[in-house]
Amino acid sequence: MKEFKIAILGGGNIGTSLAKGLVASLQYTRDEILITEKREPRISHLKKLGFEVTDDNHSAVTSARMIIMSVKPQQFLSLAEEIKDNITPEHMILSTITGVALRDIGSLLGNVPVVRIMPNIALEICESMTCVSFMNTTDLQEKMILTLFNKMGEALVIPEDLMGAATVAGACGIAFALRFMRAMSQGGIEIGFDSEMSLRIAARTVKGAAGLIIETCNHPEMEIDKVTTPQGITISGLNEMEHQGLSSAVIRGLITSFNKLGNLAGSSH
Ligand SMILES: NC(=O)c1ccc[n+]([C@@H]2O[C@H](COP(=O)([O-])OP(=O)(O)OC[C@H]3O[C@@H](n4cnc5c(N)ncnc54)[C@H](OP(=O)(O)O)[C@@H]3O)[C@@H](O)[C@H]2O)c1
């Protein structure tokens, strides 16, 4: 049987982004990654991307030591049941699955090293914020996982009880930021740009703003102060956005997502 370095169980949105990121970060080649999927259209899609794909989770687990579970929360139990007899002490289990606790994974799959990861879809361009929590791992394994995800963006170790908050801030957060960008580009069209130009300007501007905060570690208001001259045009626009509830809408959106997460059946955040 062919050996793989990593098996990703569930090649949906995040499983595919992860596989692409592992290749884009030059850490693995496509033929070192095995992805499992059950439905033919998904299998052929992933094969077209050049990945090795199977519908057999048993052989996938037997052929790799690092196993990444990346199915929907309601699919976790059946996947765990499917693979539990193939897990050995040599395995390390990673999970992207929202709301499934380390102890639940460990109690179903044995006393193996388990890592919860909460990345976002920017993994595929190696720009993901990935929050990480460990159980049963050695220092060496933790270092290896942090290196792996630092090469696909930035990895941050968090207490497991913040995983729900990490889901909202980081994984959902990318959608919140994208919606803001869409609004910027819609506004740009109204003041004269065609949609392509407008989106390009919005994307580069948001990227620049993010880069400024990441590079300088300054508070956003400190950078905003540099743009807002008294009685100027920027402060007028900003204040109008606040009158319309921009900050409040974003904060309430995060809290709504977080509360919904808490209501998911069986969720332990
Ligand atoms: N999307 C994100 O940005 C993101 C970010 C961080 C974390 N997450 C979490 O990561 C998990 C996956 O999210 P996702 O968005 O990638 O979901 P998704 O697109 O639905 O991907 C899951 C894939 O796994 C397949 N699958 C289900 N059971 C399987 C099995 N037993 N063996 C092999 N494949 C199986 C599913 O097939 P079917 O469609 O046929 O069921 C689906 O294609 C979720 O728990 C989510 O909360 C997602």
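Start at 1 and go down the list; that is how both ligands and their atoms are numbered.
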Provide the closest heavy-atom pair for A155 versus V132 in the form atom of the first, atom of the second, distance.
-> CB-CG2, 4.3 Å
Residues in contact with ligand 1, criterion: heavy atom under 4.0 Å = G10, G12, N13, I14, T36, E37, K38, R39, N57, S70, V71, K72, P73, Q75, L79, E82, T96, I97, T98, M118, P119, I121, A171
Taking atom types as modelled, is there a side-chain donor on T228 or T234 under 3.5 Å from an acceptor on the other?
-> no
In sequence, state the C-alpha distance, the side-chain angles, and the governing distance for L22 and M152, and then conclude on side-chain contact (heavy atoms from CB on, under 4.5 Å).
-> CA-CA 7 Å; L22 290 167; M152 292 185 281; 3.6 Å; yes
Under 3.5 Å, is there a donor-acceptor pair linking the side chains of E3 and S63?
-> no
Contact list for residues 189-198, test side-chain hydrogen bond (donor to acceptor under 3.5 Å, both in side chains), sequence neighbours left out | none
Any sub-3.5 Å donor-acceptor pair from T16's side-chain atoms to N13's backbone N or O?
-> no
